[in-house]
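Residue numbers start at 1 and run along the sequence shown.
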Amino acid sequence: MKKPETFTLEYIGNKLYTFKSERAGSYVSVGDDQLLTTGSATAGNAEKFIVSQAANRLITLQSQENHLFVSVTSDNQLRASASASNTDNERFIVLHQK
């Protein structure tokens, strides 16, 4: 079984966060195709997300780059492509590691 990817969540102010891949050492970015990938060594708007509290201790992620919400697509990819966070596809949980 493949080990799940882990990320460091870094608060940078004003409800904005970055996600840095522990494996790759680079930031999660929103590409021109709205797909979330790792690979950026620095954190610009494409690497910043507004993290908001949703119901049941879940969160939503809104891209600072295109102002759309991160959603799980039908092919199990993460894309910043939803205009609202109305479904479970746009709600996530953060697990704390010790």
Heavy-atom check, side chain of H67 versus side chain of Q62, under 4.5 Å = yes
key: Path from V28 to V94 over hydrophobic side-chain contacts below 4.5 Å   = yes
Donor-acceptor contact present, side-chain N14 to main-chain L16, <3.5 Å = no
query = Is T87 reaching over with its side chain to a backbone N or O of N89, donor-acceptor style, under 3.5 angstrom?
reply = yes
In a table with atom names and distances, give each donor-acceptor pair under 3.5 Å that connects a side chain of residues 41-53 to protein atoms at least two apart or in another chain.
{"unit_1": "E47", "atom_1": "OE1", "unit_2": "G44", "atom_2": "N", "d": "2.6"}
{"unit_1": "E47", "atom_1": "OE2", "unit_2": "S29", "atom_2": "OG", "d": "2.6"}
{"unit_1": "Q53", "atom_1": "NE2", "unit_2": "L58", "atom_2": "O", "d": "3.3"}

remark   = The reported gap from OG1 in T37 to CG in L35 (rounded to nearest 0.5 angstrom) is 6.0 Å
ask   = Linking I/L/V/M/F/W/Y whenever their side-chain heavy atoms sit closer than 4.5 Å, directly or via other members, would F7 and Y11 fall into one cluster?
value = yes
Spacing of CG belonging to L61 relative to CZ belonging to F92, to within rounding of 0.5 Å = 5.5 Å
task = Can you establish whether the number of heavy atoms outside D33 located under 6.0 Å from its atom CG is more than 12?
result = yes
query = For S21, which residues count as a side-chain hydrogen bond (donor to acceptor under 3.5 Å, both in side chains) partner, sequence neighbours excluded?
reply = E5
note = Scanning both residues in full, the closest heavy-atom pair of T38 with A24 reads OG1-CB, 4.2 Å
inquiry  = Within the 4.5 Å heavy-atom criterion, are V30 and L36 side-chain neighbours or not?
reply    = yes
note = For residues 61-90, the salt bridge (charged side-chain N to carboxylate O under 4.0 Å, His left out) pairs (sequence neighbours left out) are D88-R91
message = Holding to side-chain hydrogen bond (donor to acceptor under 3.5 Å, both in side chains), I want the full list of residues that pass it with T6, two or more places apart in sequence or in another chain.
response = none
query = Transitively linked via ILVMFWY side-chain contacts under 4.5 Å: F19 with Y27?
reply = no
query = Given I93 and I59, is the side-chain contact (heavy atoms from CB on, under 4.5 Å) satisfied, shown in steps?
reply = CA-CA 6 Å; I93 189 167; I59 62 167; over 6 Å; no
query = Linking I/L/V/M/F/W/Y whenever their side-chain heavy atoms sit closer than 4.5 Å, directly or via other members, would L9 and I12 fall into one cluster?
reply = no
query = Rest of the hydrophobic cluster containing F69 (Ile/Leu/Val/Met/Phe/Trp/Tyr, side-chain heavy atoms under 4.5 Å)?
reply = none
task = Please report the shortest heavy-atom distance between S40 and S26, naming the atom on each side.
result = O-CB, 3.3 Å
